[in-house]
Structures are given as structure tokens and as C-alpha cells.
Amino acid sequence: MTVAPPTVDTVANAVDDPDLEQPYAELGLAPDEYARIREALGRRPTECELSMYSIMWSEHCSYKSSRVHLRQFGDLPKGDRMLAGIGENAGVVAVSDTLAVTFKAESHNHPSYVEPYQGAATGVGGIVRDILAMGARPVAVMDSLRFGDVDHPDTRRLVPGVVAGVGGYGNCLGLPNVGGEIAFDPSYNGNPLVNALCLGVLPRERLQTAKASGVGNQVILYGARTGRDGIGGVSVLASATFSDGGPAKRPAVQVGDPFQEKIVTEATLEMYDRGLVVGIQDLGGAGFTCAISETAAAGGLGMHVTLDAVPLREASMEPWEVLSSESQERMLAIVAPESVEEVLALCHRWGVIATVVGEVTGSGRLEVDWHGERVVDVVPATLAEDGPVYDRPLARPASLDALQADRAEDLPRPTSSAALRAELLRVVASPNVCDPSWVTDQYDRYVLRDTVLAQPEDAGLLRIDGGPLGVALALDGNGRYAALDPYVGAQLALAEAARNVAVTGAEPVAVTDCLNVGSPEDPGVMWQFAEIVRGIADGCRALEVPVTGGNVSFYNQTGDVPINPTPVVGVLGIHSDVTARTPMGFARAGDAVLLLGTTREELSGSEWAWVAHRHLGGLPPAVDWAAERALHAVLAQAPLASAHDLSTGGLASALTEACLRNGLGATVTLDDGTFVALFSESAGRALVSTPSPEAVEDACAAAGLACLRIGEVGGTALVVAGAFEIGLTELAAAHTGTLPALFG
Amino acid sequence: MPSAVGVVTFPGSLDDRDVMQAVSLAGGTAVPLWHGDSDLRGVDAIVLPGGFSYGDYLRCGAIARFAPVMVEVVAAAGRGMPVLGICNGFQVLCESHLLPGALLRNAGLHYVCRDQALRVESTATAWTTGLEPGARIVAPVKHGEGRYTADTETLDRLEGEGRVVVRYVEGNPNGSLRDIAGITNEAGNVVGLMPHPEHACDPLVGASADGLALFASVLTAVVGAA
Amino acid sequence: MVVDVMLKPEILDPQGQAILGALPSLGVSGIAAVRQGKHFEIDVDGEMDEDALGRIRDLAGTLLANPVIEDFALRVEG
Amino acid sequence: MVVDVMLKPEILDPQGQAILGALPSLGVSGIAAVRQGKHFEIDVDGEMDEDALGRIRDLAGTLLANPVIEDFALRVEG
Ligand SMILES: Nc1ncnc2c1ncn2[C@@H]1O[C@H](COP(=O)(O)OP(=O)(O)O)[C@@H](O)[C@H]1O
Ligand SMILES: [Mg+2]
């Protein structure tokens, strides 16, 4: 049987049949956007061109709603370490004269809701390819997860799948998972957050660009075959709420193949080592379309692509499907003609399919042919750079005043020592504060043999280049604080991540972020978003660190109820000597225990308020950047046996974790206001232990940092003098039992 | 010249470079071996490292077993060359029938990464002469399919012949029968372990320093044999 | 009762691909495609009637398979 | 051609157990046992003759199933 070739909408057709009705609205394009496309082309787009514009002008690819705000990050002082920043696949930071690291966080929220295992797995896969595309060997991952209430049926379904997916992909790829977070709140009931971060290391001179330069250079597509999975993913699924996506919308879920990614990674690194690559781009959420239009636009030249050459999983695929597919584990390399044979042979040796699909031209246009007919003929910058930009209306939600007036500081407090003790046990057992080993034990943290610190430590710390140099990483966020005040909430996320890096002894030097919010078409959400960006930008200015990259995830809502705005911030630090890192757990009986920083009566948005009263209201803890910097300085210099940051759950949580880490108890005296001392979540604090308390006190005095000597390490219980004591066995049972009991 | 320990890389091997570093730390020379080559490059001992060879999609180690290099590994093992399979390497050894039994999905159904206490049961293998009999050592386990299973007769024979090399203590991470963490063949030159000694060679980046003795043992064994 | 769950045809099946890729080194030829899925054998208490069938169908569509990426087939056996 | 691979009956099947254990919370009753195995669909080039059948049987017994722990069944389909 012979099949007639499918009729395809060519450029010639588009000229001949200018008034054809086109389904632009179904592809997520607004009428004025469609009009702009016609104007850019001087004719109507072909079917292929229309799908390419719909992808490239989607929120996911064009950042059309966020761009006016994100500019503030670009305007920050760059510092002298940043080698590549916003606009690249990931930011790159110099860590020595010869080496650099690159890191970035990205969200995969919507796919994870639809298919938790594969959604989370492909989220890890996608961010790893971004790092690879910078010229780096990926060396570690982290994940930040948020789910609804623990007893919500979706949470039961999602948690095991998402955690297994993050682990399944990262473990199979051989990347240690060195940290992250997991939190539960009813605001995520219909919309979990799955954010993944990847870190890579590269020799500075190996930094790659995603540019198609050099007329005559060849365009090689390699990795997995292209299939029909995830077609229209970015323009439909990632840009619309679930409620308006009827069953007619094809769910954009892909199945990941970490084994393919592993061999693609090894083949790519070998290409770099042999100097075979002129330009490179990963195929991410917008597939082949994004890779060819961005590399062509960045190169400022033209590109000719023969679509028939793309290896397909299903021969019947139409050209627009090939252009839009989100099949995973694919990369695009620009290679000089004389290197093509070597690249193909190298890929073959690793078992990776590689195909020449096009050529860099001097035409200034992106031209795509299918079965000998031209189906795309556009100026690449119109796809990649000239997308729409919206300055969307924003409005501070009227409900915020009432929320902020409803302070947790006014809630009833425990009135006896016994009640205080019971509340401490409830707080440290709360799903947001409890031991996350049920999650983290599903992740390999040892592979690659460079993990100096990983969970449950405050930050991941990796040895670089055999040591003693290292980099520390932390990923933090708190949607409740941001719901109460998005500007302060974003700063608290930044402050916490920087502090988590600083407690290891590292110096915070660069920031990435993943900003998860509701619909940009809601002025209240847009206001939250603007406040978040302003908060992070101001915080980075105060810390003198640049934002090197990040990701925005809009449309996180169920119906018209958005999630708590959730900025997740990743901070990278440099450690000059990893053998001298400071761990979090009490180390020796007899060491003095000190609390660095100032504790205020700050209970709004706290875990105590939620656990004891299911209350969210008031103003979040204040951020004092001068105090944060003073704390960083002390942590870097003072002779410490342990240091643990205070955040969710306050001192109650920090003491519990510091004791349980090595099974060493402590006795502390919290003179005035034991309740506030235990549960306040004031920022800018750390719990440290040391054999030389005077030296630590001197360092604090010199830095202008408050410092309280509160007790001593030792014994087999956590003793709060004059109030209560809890044996470590009982404390451990409370702290570690929660997640296994919930999820098995 | 220090003894040469070959480390096989299959597509999807992950701990291959880590084992090579451990071999160097122990004073040996690590030699990379490629799955597709039928050449052992003159090595004195071989390690099949951990990872997810071929994605482990079908059954762990099921596809790697058919790699060209495995023909040579099986032959060398038959001649008495020391062979150590770690994690995925252990699975490959079982699939290749160099060791009896099989490794199944963990009883808890989750991948497990944790520092695991072990008891040394046999120091009569090429890889464990440097360990103390009965000693408690710590090394990480990190696997989703490490539940050692064999029929009762095989288990009894392994126990009776002293071929259980290490056993899990203070908790069994995967439901292995009789807490078995590692076994050896009749000759004692082929050993399979689920725990990772290469991640227990340097406390800065591993669970302990207890694993170094395994690599030191084989270097002594091959020097002694030479 | 048997339930077979397979990835939908348009979805990548890395497991089947890995097996197919291994066949040449095994010396096996003449195989065009392999797809790997899951196979469940379910014993029902009492009669295997319409009602039981309905329950198993529901179970297959919710717990055993994710209809977003997988199809399933029911078969009475034994 | 279909190959179904199941763990031998005497070997613990935690996946089947987990499914069985999840049924009450899903409100499903009347199921006595669940066991999970693998299902392979194999397309053969050319005729499905004795020879092809033999090759697939070999494949099932060497690669698709591990006879130490698993049994397999062949079935011609489609
Ligand atoms: N989803 C996750 N992935 C990896 N590590 C995690 C995850 N959730 C928590 N962790 C790790 O567990 C430890 C404790 O987490 P958490 O209680 O959130 O710490 P903190 O409040 O100090 O930030 C940290 O080391 C963190 O990196
Ligand atoms: Mg912390």
C-alpha cells in the first residue's frame, strides 16, 4: 500500500492563500499577537511557522509577563566572578583562575501534577541539559518540593511519585542529590511545586555559547529520536490553569530516559574535550523550534534545516509536530564541516544517534524544508527576541491588610512547662520541620565522590578539582512568609539560602531563583510577582551578589485561587577549604552552645502558629541585611565545632537537629521568655557550638553581632533549664516518625 | 610497578571513576576497561562498578552481561583472577552466573541510600584478607534492587561453605534473605557486594575509611600471586 | 484476571528501546520492535462477575495505569 | 508476540503486596491477591513461524526472564 504524502502548508501556499483561517487562539496566541506575526512576515504564517511562534511567544519561552520586572536582576552589579548571566542557559561563576561553576533552578510543576514520576524525572533531566549546554559536567542536583495538606488525597498520590521521579532520574544519571526542601501547605492542594536545581563544573575556557556562527558550519541533532510526546507543552500546559484545559487538550507529559541522558552527557563532554563544538543548545521545553531559532538568532546569520533528516519515532509525524515535539534527551550542536565525521563517530561509540539536520547560512533567515518544500522562512530574531512584552496591571490585594492585621503574636500560648514541652514535640514532628530522610534516603548522595556535606546538613558542599576548594549550595523558600508580604518573603528566602551556605564556612557569591506564582492575568498575583522580584533584587544589592539566572512559573493555581506566592532561591557559595567545613551537629560534650543574632517576638507565619492554631496572618520576620552580613563574617572566621541555621521551627527545630545529628544532648538556659526564644522565627540567627566561646564572643563583638551563650553540649537529653527535658530517644521518635507514617 | 586493577565502564556505569580513585588511594593502578572491547589490557584484577548499566530497565545487569568484555571477565574469573562486583556489578555477576542467586527489588520498594553497618563474615576471599573477621564496618548502600534471593539449598550451601562475605547488621535495608550483603564464589576470587567500599575510603567524601581495606586486600593478593 | 498496562504508542518506551538495542550483541536478529509494559495477575474473592470486572477496570484505570501515558487491557484467565 | 514474565510463586513480590495494601484506602474490596510482572510485546520481521517462535523463546529464557527467579509465558497475539 502506498500512502499519499501528507499535504503540507508551504510558504508558497501562504502567499497564495493569504486569508486562510488559522487556529491561533487554540495555540495560545492573542489576536494582536497573531497580527504582529503577520506583520513580521508580510504574509500569513504557514502551519509550521504558526506553531513555532506560538511556542516561542509563549510565557514559558518569551517571559512576556515577567520580563519588565526581571530587568532589575540584569541591572544589579555583576561582581567580578560572573562569566555568564541572565539570558544564557545558566549563569556561570568563576571559582578559581582556571575553573568555573554553573547552576540554575527550574520548575516542572504542571507536568508533575499530571504524572508525578515522569513529570519530576523530566524536570531533573531538563535542568541537567541546561547545565551541560554551558560546557560543564553536571556534578550535583537539588530539589525543592511543595505539596498540599498531608491528608489531601492528591498529596498521597503525588509525594511518592515525585520523590521517586527526582531520585529515579538523578540516581540513574549518577548525580548526587545534595539538598533541597520539602514543605506542605493547603495552598498547594491542587498545584504542587517541583523545582530542581543542577550544578556543573567547567574549565573556564570551555564555556560554550548557544550560537550558530560560521557560514557553512553543520547543525547536528543528537540524542533521543523525536516523537509525538508533549506537543504544545509550553504553550498549553505550562501557560494555562488546569480548569480551563478540557480533555481535548493533549496532556504534555513526556517519559524520561535517564540512561539516554547519561550517554548524551558523556558524548557531549567528549566533544568539548576534543574541541569539536562551535555552538550548542539543549532541547528543552520548546524542543527543536527553540533550539534552532535561538541559536540562529544569537549567531546573527541564517540557518537552513532539512526536517526530513530528523530521526523520528513515528514516521507519520507531520512537520509542525517535529518542530514542536518536547521529546527529552536531545541536544543540538553546531560543528565545523571538517569535524562532522568525528562527532558522528564519537556519538556512535556512546550509542547516541546523531544526524546532520542543517547548515549555518548567510541568508539571515531561518529556512526549513520538508519533503523538498519550504515550510518555514522567517527572520530568526522575530521568533527568539522580538516576542511580545507585557507590562501587566498590578494591584496590591485588598485582603492583605486584614491578613497582616491578624497577628500570630496575639494567639494564646502554652501556659505550663508541660504544655511548652508538648508543643515543641509537635513542632519538630510537623511535616514542615520533621526529618526528611524518608525523602532524601531515596537519593544517591555519594556518587562522584566529591560530596563533603549533603542533607541533613544546611547546605550541600562539594569538593571541586580534588579540593581543598569547594562550592556550597542551598535552595530555600517559604510561601507563607511570601503570602504575608511577598517583598519580605522573597528576601527571607534569599537570606535563608545565603545563611545556609554561610554556616558551612562558605562565602555566598551568586544567586539563582525559581519564582512560582499564580496567573499573571490576575493583578493581585502580578503585584506579588513584582514585589518578589524587587525584594530579591534589593537583597542581592545589599549582599553584593548577582542573580545569574532563574526561572518563572506562572499559572500555579486551582480555578482562580492562586498558590501562596513561592519564591525559591538558590545561593552558591565558595569554600576555600572543604576540609575545614563546619557541620551542623553538636560535636563534643563540654562545648559551649551559643545563639548568634537577635531573637525578636516574631511568630507570624511561623510553624508554631500553624501547628498550634492552623493560623496564617500578621507580618513575617524582618530582614536586617547588615546583621545577616555580620553573621556571615562570624561564621566564616570564628572557631566553631558546629553551626546550624535557624529558620522554620526556630530554635526548637535547630536544637533538635543539632542534638540528633550525632546523638549528643545539650542543656540550655533561655532566660527571658522561653516560649518566644524557642518558637520565634527571627532571621539572621545561627546556633553554634565551640570549645572556645570567648573567641566566638570576640568575633561577634567585632562584627557588631548579638551573641548569647545559652548552654553546653552533653548528656542524652535536650534540657531547657527550669522548663523541661526531653530524652533524645523521645525527641528522635517525634522528629523522624512523621513522613514514614504518612507515606510508608 | 603497582598492580593494575581494571574498572569496566558499561554505558550507564556511574561509580566507575569513583572506584578508580579508590584503587589509586589504595596504592594500585586503575585501568579503564570498555564494555565493547574484548581486551583486559593486562590487568591483575577487575572491578565491575555500580550504576545503571543500560538504564537497568529490563532487570539490573541483564543486558550488561552480554557485553563483549564480559566474555573475557568470565574467562579470567575462571582462571582465578580476582573480580569484584559492586552494586550493579554484583547484579551483573549474578546474571552472568559467576555468583548464585539474584538481586530483586527492595522489599520497601524505595531506592535506599544510607550509611549501613556490616559485619565481616569471611576474610578468605581475594578482596577481604585485610579485614578483621567479625568486624563491624560501615559503607553506604545505594540501590533500588538489592534484595538478595536464592533458594534455600543455595543459601544453606553459601552459609555452610563460608561464602557469605558481609552481612547487614543494625537493620536490613532491602529485605535480603539472611541479611546477606555480599557473597563469593567457591574459589573465593569472585565477590559481589551491594554496599559500596569505594564510597568508604575517605571520611571527607564517604561514609568511613573502612572500605579501603578491600582494595588493599586485592593488591596484596595479586602481588602475592605474582 | 489479568491486566496488562502498556505505554501509549506515541510515548517513548525507554525500556523497550534498551532491549531492542541489546539484541544485536546477543546475536538475535529479525526483531522489529519491543515494547515493555506491566502485567498484573489479580485473584478475586468469590465470583468473577460483571461487578468484579467493573471494580478491576476502575482499579486498572486509577491505580495500575495512569491513563495520561498508559493504556490497559483486561483479560480473564485461569 | 507477547511474553509475560512473573516472579516465581515462592518469591516475595513486594509490588503486588503494596497494591493489595493500598486497595482498602481506595475503597476497593473483594480482591484476594495481586502479583506484578512484566509484559513484552514483540514485533517480528517477516513470518511468525516455528523458527521465529524458537528465537523468541530463547530470548525470553535468556534475556527477558531470569530463570533463577522468574517464569515466563509466550502467547501469539494480533
Ligand atoms: N526534597 C529534598 N531534596 C533533597 N534534600 C532535601 C529535600 N528536602 C529536605 N532536604 C534536606 O534535608 C535537610 C533538612 O531540610 P529542612 O528541614 O528543610 O532544613 P532547613 O530548615 O535547615 O533548611 C536539609 O539538608 C535539606 O537540604
Ligand atoms: Mg537550613
Side-chain angles (χ1 to χ4, degrees), chain A residues 137 160 163-177 255-267 329 348-352 437-455 461-463 466-468 470 577-581 740 743-744, chain B residues 9-22 24-25 34-37 49-58 60 63-64 67 86-88 106 108-116 139-145 173 195-208 211:
Chain A
R137 174 179 276 280
V163 171
V166 170
Y169 206 99
N171 294 342
C172 187
L173 206 47
L175 295 178
N177 184 310
V255 168
D257 182 352
F259 170 64
Q260 177 74 238
E261 183 119 321
K262 168 72 178 165
I263 56 180
V264 163
T265 300
E266 296 301 333
E329 293 98 18
H348 181 78
R349 182 169 180 271
W350 280 105
V352 172
S437 310
W438 182 88
V439 176
T440 56
D441 282 359
Q442 297 188 47
Y443 305 153
D444 185 350
R445 59 181 172 275
Y446 284 108
V447 66
L448 299 183
R449 251 182 129 263
D450 281 319
T451 306
V452 177
L453 296 175
Q455 56 273 8
L461 179 64
L462 293 147
R463 180 170 71 173
D577 180 5
V578 295
T579 62
R581 81 283 183 201
F743 304 111
Chain B
T9 298
F10 299 101
S13 289
L14 303 178
D15 302 284
D16 44 350
R17 298 193 314 169
D18 307 345
V19 172
M20 306 222 314
Q21 289 179 24
S24 305
L25 265 182
W34 183 246
H35 70 101
D37 294 346
F52 289 72
S53 54
Y54 300 90
D56 276 353
Y57 291 133
L58 172 62
C60 302
I63 297 179
I86 304 168
C87 197
N88 195 230
N106 293 349
L109 292 177
H110 302 303
Y111 182 100
V112 177
C113 174
R114 63 151 106 133
D115 295 355
Q116 175 69 46
V141 290
K142 47 190 194 86
H143 58 249
E145 313 202 3
H196 287 260
E198 78 281 21
H199 293 294
C201 288
D202 175 357
L204 181 68
V205 291
S208 70

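Here is the naming used below: chain letters follow the sequence lines, and residue numbers restart at 1 for every chain.
Using a 4.5 Å cut-off between heavy atoms, T579(A) touches chain B through backbone and side chain atoms alike. Heavy atoms closer than 4.5 Å to chain B are found in both the backbone and the side chain of V578(A). For a residue to count as touching a neighbouring chain, one of its non-hydrogen atoms must lie under 4.5 Å from one of that chain's; by this rule L453(A) does not touch chain B. Both the backbone and the side chain of R445(A) come within less than 4.5 Å of a heavy atom in chain B. Interface residue L448(A): backbone and side-chain heavy atoms are both found under 4.5 Å from chain B. If you measure heavy-atom distances from R349(A) to chain B, the contacts under 4.5 Å come from both the backbone and the side chain.
The aromatic rings of W350(A) and W34(B) lie perpendicular to each other, with more than 60° between the two planes, well past the 30° mark. Y54(B) and F259(A) have tilted rings, their planes meeting at an angle from 30° to 60° on a 0 to 90° scale.
A side-chain donor-acceptor contact under 3.5 Å links H110(B) to the backbone of G744(A).
Salt-bridge formation is not detected for the pair D441(A)/R114(B): no Lys NZ or Arg NE/NH1/NH2 atom is positioned less than 4.0 Å from an Asp or Glu carboxylate oxygen.
D444(A) is not listed as a side-chain neighbour of H199(B), based on a closest heavy-atom distance of 4.5 Å or more. With a 4.5 Å cut-off on side-chain heavy atoms, L204(B) and V452(A) count as touching. Taking 4.5 Å as the limit, some side-chain heavy atom of P258(A) sits within range of a side-chain heavy atom of Y57(B).
Considering all non-hydrogen atoms of both residues, C113(B) and Y446(A) come closest at SG-CD1, 4.0 Å. Contact between F52(B) and N171(A) at its shortest, heavy atoms only, is CE1-O, 3.4 Å. Taking both residues in full, the closest heavy atoms of V447(A) and D15(B) are given as CG2-OD1, 3.4 Å, listed atom of the first, atom of the second, then distance.
Separation of atoms CZ (R463(A)) and CG (D202(B)) is listed at 6.0 Å; rounding is to 0.5 Å.
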Practice problem: Before giving the answer on side chain to side chain contact (heavy atoms under 4.5 Å, CB included), spell out for E266(A) and T9(B) the whole-Å C-alpha distance, their side-chain angles and the decisive distance to 0.1 Å. | Solution: CA-CA 12 Å; E266(A) 296 301 333; T9(B) 298; over 6 Å; no
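Heavy atoms of other residues, nucleotides or ligands lying less than 6.0 angstrom from CZ of R17(B) number 12 at most.
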